[in-house]
There are 2 protein chains.
Amino acid sequence: MAIRKNKPIDLQADMKYLEDTMYVISGKWKMKIILALICGSKRYREIAKAVPNITFRMLSKELKQLEQNKLISRTVTMDNMIQYEITGYAQTLAPTIIEMIKWGKEHRENIKN
Amino acid sequence: MAIRKNKPIDLQADMKYLEDTMYVISGKWKMKIILALICGSKRYREIAKAVPNITFRMLSKELKQLEQNKLISRTVTMDNMIQYEITGYAQTLAPTIIEMIKWGKEHRENIKN
DNA sequence: CAGTATCCCTGTAGATACTG
DNA sequence: CAGTATCTACAGGGATACTG
């Protein structure tokens, strides 16, 4: 890693990597949808319930984008149900999401005031 | 942590924590500014140089917001220079930023296609 | 159930010029 | 050096109704 004891190896490169990640997870919903999927939601309505206040419109849009970015897969099962799953690729986002939840948890009070 | 082997403790709570964090780091610039500060930038123009393509307008706006959220501090030094520093509070965001950079680095190829 | 179709509004951010 | 002031644009997202 580049950040260590204020001795960055290549700040400009890290900026770019950070930007890439920000781009993928940008927007109000993507990370939440991924979290829902990580936690086991598979069906469209299931995801909609797991992600508070999301509209169908936004859910559809985001699912499509996430699929395009290979973060999730959409399949029709044998009994004709639609099933969403995160890809192995998206699984690698888990540590990032976990860190974000951790941070939000630990610093909730500070955020409020 | 809540995410572990598909057995979330409280998904709705985690959604909220995730949302809090997303809110704090939202926008195109905040994380980059924090990264610049973590890596040692202190002066306004220094930060402006460290964060590619940011305009003065955005830098000013974001610095103000970050200050309000207690993520950075702005002080005038004895020799009348403006000095920005991240707070201990913002230091705790480092693991999240590191995870994001890591992810961006590892998955750069996938993002490109 | 799994979505689409419209319509509309606001916030985020860019460009550019200016200031103490 | 460390910012502020305007003016503008567009994309992200909300509300609501509808569909196969």
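Given the structure is predicted, the values throughout are model-derived calculations rather than measurements. Within every chain, numbering begins at 1; the chains are lettered A, B, ... in the order of the sequence lines, protein sequences first and strands thereafter.
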Donor-acceptor under 3.5 Å ([X] side chain, [Y] main chain):
| X | Y | value |
| --- | --- | --- |
| B:Tyr84 | B:Ser41 | no |
| B:Thr87 | B:Lys70 | yes |
| B:Thr21 | A:Ile101 | no |
| B:Gln12 | A:Val51 | no |

Mind calculating the distance between [atom1] ([X]) and [atom2] ([N]) to the nearest angstrom?
| X | N | atom1 | atom2 | answer |
| --- | --- | --- | --- | --- |
| B:Leu59 | C:dT16 | CG | C1' | 17 Å |
| A:Ile33 | D:dG13 | CD1 | P | 10 Å |
| A:Arg43 | C:dC1 | CZ | C1' | 7 Å |
| A:Tyr44 | C:dG3 | OH | P | 6 Å |
| B:Ile82 | D:dG3 | CD1 | P | 5 Å |

Distances under 3.5 Å between protein N/O atoms and the N/O atoms of nucleotides 11-14 of chain C, please, pair by pair.
from, atom 1, to, atom 2, distance (Å)
C:dA13, OP1, B:Lys28, N, 2.5
C:dA13, N7, B:Arg57, NH2, 2.3
C:dG14, OP1, B:Lys28, NZ, 2.5
C:dG14, OP2, B:Trp29, NE1, 3.4
C:dG14, N7, B:Arg57, NE, 3.4
C:dG14, O6, B:Arg57, NE, 3.1
C:dG14, O6, B:Arg57, NH2, 3.4

Check your understanding: Is the phosphate of D:dG3, meaning OP1 or OP2, less than 4.0 Å from a side-chain N or O of B:Ser60?
Key -> no
Practice item. Ignoring backbone atoms, establish whether B:Tyr84 has a side-chain N or O less than 4.0 Å from OP1 or OP2 of D:dG3. Key: yes
Exercise for review: For the pair B:Met22 and A:Lys28, evaluate side chain to side chain contact (heavy atoms under 4.5 Å, CB included) and give the outcome as yes or no after the intermediate values.
Suggested key: CA-CA 8 Å; B:Met22 293 292 284; A:Lys28 203 171 166 180; over 6 Å; no
Check your understanding: Between A:Gln91 and A:Ile86, does a side chain to side chain contact (heavy atoms under 4.5 Å, CB included) hold up when you go through it step by step?
Key -> CA-CA 7 Å; A:Gln91 289 279 5; A:Ile86 50 170; 3.4 Å; yes
Should [X] and [Y] count as an ion pair when the cut-off is N to O under 4.0 Å?
| X | Y | value |
| --- | --- | --- |
| A:Glu99 | A:Lys102 | yes |
| B:Arg74 | B:Glu67 | no |
| A:Lys49 | A:Glu46 | no |

Study note, to complete from the structure: Note, DNA chain D 5' to 3' with Watson-Crick or G-U pairs under 3.5 Å encoded as ( ), [ ], | and . gives ||||||||||||||||||||
Exercise for review: Within residues 71-80 of chain A, find the residues that approach DNA chain C with a heavy atom at under 4.0 Å, and present them sorted by residue number.
Suggested key: A:Arg74
Check your understanding: Picking from A:Tyr17, A:Tyr23, A:Tyr89, what satisfies ring pair (Phe, Tyr, Trp, His ring centres under 6.0 Å) with B:Trp103?
Key -> A:Tyr89
Check your understanding: Are any non-hydrogen side-chain atoms of A:Gln65 and A:Lys30 less than 4.5 angstrom apart?
Key -> yes
